[in-house]
Peer 1: 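Structure provided below as structure tokens; questions to follow.
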Amino acid sequence: MKIPVGSNDHDHDDRDYKKKGVLLDQIRENNNSDEDDDDRNRMMMRINMEGGQQVVLERMIHPVILPPFFSSGEKLKHKLFEIFFPDDPLFSFKNLTVREKLYRAIRSFFYILQWLPNYNFILFRSDLIAGITLSSLAIPQGINYAKLAKLPPIVGLYSSFVPPVIYSILGSSRHLAVGPTSTATLVMGTMISQMVSEPHLHLRLAFTATFFAGLFQASFGLFRLGFILDFLSKATLIGFMAGVAILVSLQQLQGLLGLTRSTNEMQLLPVISTLFKYRNEWSGQIIIMGFCFLTFLLGAKRISSKWPKFFWVSAAAPLASVVFSTLVAFILQTKFKHVPKIGKLPNGINPPSANLLYFKIDPYMGRAIEIGILAGILSLAEGIAVGRTFASLQNYQIDGNREMLALGLMNIAGACCSCFVTTGSFSRSAVNYDVGGRTQLSNTMTGIVVLVTMLFLMQLFIHTPDVTLAAIIITAVVGLIDVKAMVNLWRLDKLDFLACSCSFFGVLFVSVQTGLLVAIGASVFKVILHLARPNTIVLGNIPGTQIYNSLYRYTDTKRVPSFLILGIESPIYFLNSTYLQERILRWIRDEEERILRDNELPLKCLIIDMTAVTDIDTNGLELVSELKMTLAKKSLQMVLVNPAASVMEKLHCSKIMDSFGSKGLYLTVEEAVSDISSSWEALP
């Protein structure tokens, strides 16, 4: 297509050349070859001087080139590498000596070596406060969860000592507080108790199940299956966080009201029914005491958020509450004798338990493996979800493969040190985050304090009221209910809001794990919906430019007479090929009706812009072939524009492009319109 252009449009250097048939890109290459590489790639222009008054530019059509050839094995290798090694973990080992590689490998495995060199006193102070505060929760929680698993109380305390220390060395989450959790503990305790009644055998099977849970988790990390965590979207975590926060708050409300009987179930209705079922146990004294501490803690949090220089007020408030309430309960023992307290705990530590692991080949071992895998999956899902939740609040990333490996090795070591299944605890992590824990060392501080307490200070917790611990946990978790984020999800993306809602209501009314599974299902449904019903848009030209964009998005775009230009915004797979064929034919029908109604030039050509079509399968190839034949029967020309490399390769291998001829494939919509229009003009 030739376009007359005035000679005044050229710069002074071009005007010096009056020779007919000189290539402009050759002239510019002599002057500045680097500047004009892009010009030559975009367009070849031939200058023809007509009496020095007119210059004619002849536009050349760029061919669509096949991508470099790669074998199927090479493609599969590339895909697998991108799935399992997206971070290219061996990149940092290139061009290093053996000694440097060894040091880098050790530093990569022991994650503590990556942040410990930059550790300072300010971080230590924050972690120390967080660790001491967490230990005041870890001790009573460890004892309660041990009872839930039908194990000796000392096992629960050990589970709050060994695993946190190991995680602080290997883990990548700064705020994840490790310890026993209700779900995995309840599952393990219930399933083992259904199988055996003898206490010693129950203990051995609990350690064995913990060992296999850790082995399963570590295997997931070792084989780099962390990409599974990508199914936990931000919207899913917002709903999960809010649902668990409400459940944990309601469970702690039992202690705030003074109930001696409570439920360990993690569903909304059983927790609420328990609150009212035992309302005759509500204690006015405990309620007043609890709400006083709750008001104090919330007030301290408000002060720290409003005046950042007083950050220490919020950080010190939980520990101050524990110390103050313990002193008051000790001094006024007669008046507080009916207030539930942690009570007397035994001093001392347990011997290693590696010799208690049950490896005898019989049904008991098979059952222990089954229980361990189930508990490992539940605790892994919960720990990863909690870790990613707090990482998203602070805008940092956690390595899913590292987390799986850290949690797995933590449980393997724990099984050999008198511990049962542990993972990231939501309530403790919330407290850790709330009181200002800054690094993984807060877990080590917790473990050290728990160890010192087991050895020397167990008697100090005799008078600590349960209501104080309940107030601390409620204060920590209520701030994690992000209503503003939920409103934004509703405003920005209804499907993201659906995933958030599924997670939220699933956690509240079914279980934590079911809520996560339902939310993941909702996220997958969103992806499938986008893939199964992709967007198709009608494109038009923005006058005075070579740009083609949506007619409905840009009001100044104009339809090109006799052309229907469609853009497909999705890969073409078996899931959407039938829909796309029907939708494209419907676009053609609507366009023909509009043309007839507006008395315009008849439709002659369909141009499909495949820029956003990143892949195509055999069903998609059949769609292209069948659509071409269908349009040929209607005397309509079909043209493809800018297919991606993988799409172009498959179109070429399938021989489909042979039926399109020389004017069936173009690099840009503008070139397609120009060339086809020129061919129509050339016809008699």
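Index from 1, following the sequence.
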Peer 1: Which value, rounded to the nearest 0.5 Å, describes the distance between D617 atom CG and S646 atom OG?
Peer 2: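 Going from the CG atom of D617 to the OG atom of S646 covers 11.0 Å.
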Peer 1: Got a donor-acceptor contact below 3.5 angstrom from the R402 side chain to the S108 backbone?
Peer 2: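 Yes, R402 side chain to S108 backbone: donor-acceptor pair under 3.5 Å.
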Peer 1: With a 4.5 Å heavy-atom cut-off, do F504 and I246 have their side chains touching?
Peer 2: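 Answer yes - side chains close enough.
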Peer 1: Considering only heavy atoms from C-beta outward, does the side chain of M410 approach that of L170 to under 4.5 Å?
Peer 2: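 No; the side chains remain at least 4.5 Å from each other.
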Peer 1: Where the side chain of E100 meets the backbone of T97, is there a donor-acceptor pair that is under 3.5 Å apart?
Peer 2: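 Yes: the side chain of E100 pairs with the backbone of T97.
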Peer 1: Whether the side chain of S273 engages the backbone of P270 through a donor-acceptor N/O pair (distance < 3.5 Å, no angle test) should be reported.
Peer 2: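 Yes, S273 side chain to P270 backbone: donor-acceptor pair under 3.5 Å.
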Peer 1: For C416 and L357, what are the C-alpha separation, side-chain angles and deciding distance, and is it a side-chain contact (heavy atoms from CB on, under 4.5 Å)?
Peer 2: CA-CA 8 Å; C416 300; L357 296 179; 4.3 Å; yes
Peer 1: Are more than 12 heavy atoms, taken from residues, nucleotides or ligands other than N95, located less than 6.0 Å from that residue's CG atom?
Peer 2: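 Not more than 12 within 6.0 Å, no.
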Peer 1: Should the heavy atoms of other residues, nucleotides or ligands under 6.0 Å from CZ of F509 be counted, would the total exceed 12?
Peer 2: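 Buried by this count: over 12 neighbours within 6.0 Å.
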Peer 1: Measure the CD1-CG distance between I371 and L205 for me, rounded to the nearest 0.5 Å.
Peer 2: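 Between atom CD1 of I371 and atom CG of L205 there are 7.0 Å.
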Peer 1: Can you tell me how the ring of H175 sits relative to the ring of Y433, calling it parallel under 30°, perpendicular over 60° and tilted otherwise?
Peer 2: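 Perpendicular.
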Peer 1: With a 4.5 Å heavy-atom cut-off, do E382 and T181 have their side chains touching?
Peer 2: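 SC-SC contact between E382 and T181 confirmed.
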Peer 1: Does any N or O in the side chain of T208 come within less than 3.5 Å of the main-chain N or O of Y358, such that one atom is a donor and the other an acceptor?
Peer 2: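 Between the backbone of Y358 and the side chain of T208 there is a qualifying donor-acceptor contact (under 3.5 Å).
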Peer 1: How far apart are the closest heavy atoms of P180 and G156, and which atoms are they?
Peer 2: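 What the structure gives for the nearest pair is CG-O, 4.4 Å.
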Peer 1: Can any side-chain N or O of S135 pair as donor or acceptor with the backbone N or O of A138 at less than 3.5 Å?
Peer 2: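 Judged by distance alone, no pair lies under 3.5 Å.
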Peer 1: Exactly one of V431, V449, D434 should register a side chain to side chain contact (heavy atoms under 4.5 Å, CB included) with T133. Which one does?
Peer 2: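 Among V431, V449, D434, the one that satisfies the side chain to side chain contact (heavy atoms under 4.5 Å, CB included) with T133 is V431.
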Peer 1: Rounded at 0.5 Å granularity, tell me how far CE in M195 sits from CG in L201.
Peer 2: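 Taking CE in M195 and CG in L201, the distance rounds to 7.0 Å.
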Peer 1: Under the 3.5 angstrom rule, does the side chain of S219 hit a backbone N or O of L215 as a donor-acceptor pair?
Peer 2: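 At least one qualifying donor-acceptor pair exists.
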Peer 1: Determine yes or no for a side-chain-to-main-chain donor-acceptor pair under 3.5 angstrom, with Q394 supplying the side chain and Y396 the backbone.
Peer 2: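 No, the answer is negative, given that no donor and acceptor are paired below the 3.5 Å cut-off.
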Peer 1: Say you draw a straight line from CG of L151 to CZ of F420; how long is it, rounded to the nearest 0.5 Å?
Peer 2: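 One finds 6.0 Å between CG of L151 and CZ of F420.
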Peer 1: If you measure only the distance, is there a donor-acceptor pair under 3.5 Å linking the side chains of E403 and Y167?
Peer 2: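 Judged by distance alone, the side chains do pair up.
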Peer 1: How many angstroms lie between CZ in F207 and OG in S418, if you round to the nearest 0.5 Å?
Peer 2: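 Between atom CZ of F207 and atom OG of S418 there are 4.5 Å.
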Peer 1: Short question: side chain of N443, backbone of V178 - any donor-acceptor pair under 3.5 Å?
Peer 2: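 It does hold such a pair.
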Peer 1: Please test L498 against C502 for side-chain contact (heavy atoms from CB on, under 4.5 Å), starting from the C-alpha separation and ending with a verdict.
Peer 2: CA-CA 6 Å; L498 175 64; C502 289; 4.0 Å; yes
Peer 1: For side-chain contact (heavy atoms from CB on, under 4.5 Å), just list the numbers for N401 and L405, CA-CA rounded to whole Å, side-chain angles, deciding distance to a tenth of an Å, and then say yes or no.
Peer 2: CA-CA 6 Å; N401 297 306; L405 186 61; over 6 Å; no
Peer 1: Answer with yes or no whether the side chains of S379 and Q217 bring together a donor and an acceptor at under 3.5 Å.
Peer 2: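 The answer is yes; a qualifying pair exists.
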Peer 1: Please check if the number of heavy atoms outside K360 that lie under 6.0 Å from its NZ is greater than 12.
Peer 2: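 12 or below, so no.
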Peer 1: Measure the shortest side-chain to side-chain distance between S570 and H530 over non-hydrogen atoms and say whether it is less than 4.5 angstrom.
Peer 2: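 No, side chains not in contact.
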Peer 1: Check whether any side-chain heavy atom of R99 sits under 4.5 Å from a side-chain heavy atom of Y103, and report yes or no.
Peer 2: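 With C-beta onward as the side chain, the pair stays apart.
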Peer 1: Taking C-beta and beyond as the side chain, do D493 and L489 meet within less than 4.5 Å on heavy atoms?
Peer 2: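 No. Closest side-chain heavy atoms not under 4.5 Å.
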Peer 1: Compare every heavy atom of T389 with every heavy atom of A385, then report the nearest pair and how far apart it is.
Peer 2: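 In this case the closest contact between A385 and T389 is O-OG1, 2.6 Å.
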Peer 1: Hey, is the main chain of A177 close enough, under 3.5 Å, to the side chain of R428 for a donor-acceptor pair?
Peer 2: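 Judged by distance alone, no pair lies under 3.5 Å.
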Peer 1: Would you say the ring centers of F220 and F216 fall short of 6.0 Å from each other?
Peer 2: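 Yes.
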Peer 1: For C419, run the side chain to side chain contact (heavy atoms under 4.5 Å, CB included) check against V162, N411, I166 and tell me which one passes.
Peer 2: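 In the set V162, N411, I166, the residue that makes a side chain to side chain contact (heavy atoms under 4.5 Å, CB included) with C419 is V162.
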Peer 1: Tell me whether R367 is salt-bridged to E370, with the criterion being a basic N under 4.0 Å from an acidic carboxylate O.
Peer 2: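 Result for this pair is yes, salt bridge flagged.
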Peer 1: Counting C-beta onward and ignoring hydrogens, is there a side-chain heavy-atom pair between T210 and M188 closer than 4.5 Å?
Peer 2: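 Yes; the side chains approach each other to less than 4.5 Å.
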Peer 1: Minimum heavy-atom separation for A375 to V421, with atom names?
Peer 2: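 That closest heavy-atom pairing would be CB-CG2, 4.2 Å.
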Peer 1: Can you establish whether the number of heavy atoms outside E198 located under 6.0 Å from its atom CD is more than 12?
Peer 2: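 Check passes, neighbour count above 12.
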Peer 1: Which heavy-atom pair separates G383 from T423 by the least distance, and what is that distance?
Peer 2: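 Minimum heavy-atom contact is CA-OG1, 3.2 Å.
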Peer 1: Can you find a heavy atom in the side chain of P571 that is under 4.5 Å from one in the side chain of L531?
Peer 2: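 In contact.
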Peer 1: Can Y573 and D615 be counted as having a side-chain donor-acceptor contact under 3.5 angstrom?
Peer 2: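 Yes - a donor-acceptor pair under 3.5 Å links their side chains.
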Peer 1: Between OG of S442 and CG of N432, what distance do you get to the nearest 0.5 Å?
Peer 2: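 Here the rounded value is 3.5 Å.
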Peer 1: Would you please test R174 and W115 for side-chain contact (heavy atoms from CB on, under 4.5 Å) and show each step?
Peer 2: CA-CA 10 Å; R174 304 171 199 164; W115 54 266; over 6 Å; no
Peer 1: For residues Y111 and D399, is any side-chain donor paired with an opposing acceptor at under 3.5 Å?
Peer 2: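 No, no side-chain donor-acceptor pair sits under 3.5 Å.
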Peer 1: Which atom names give the shortest non-hydrogen contact between C417 and S353, and what distance separates them?
Peer 2: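 It is N-OG, 3.3 Å.
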Peer 1: Describe, in one word, how the ring planes of F124 and Y119 are oriented to each other, choosing from parallel (under 30°), tilted (30 to 60°) and perpendicular (over 60°).
Peer 2: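 F124 and Y119: perpendicular rings.
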Peer 1: Any luck finding a side-chain donor-acceptor pair between D127 and T439 under 3.5 Å?
Peer 2: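 Yes, T439 and D127 have a side-chain donor paired with an acceptor closer than 3.5 Å.
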Peer 1: Kindly give the heavy-atom pair with the smallest separation between L157 and V450, and that separation in Å.
Peer 2: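 It is O-CG1, 3.6 Å.
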Peer 1: With ring pair (Phe, Tyr, Trp, His ring centres under 6.0 Å) as the test, would you mind laying out the steps for F359 and F211 before giving the verdict?
Peer 2: CA-CA 11 Å; F359 290 139; F211 176 84; 5.6 Å; yes
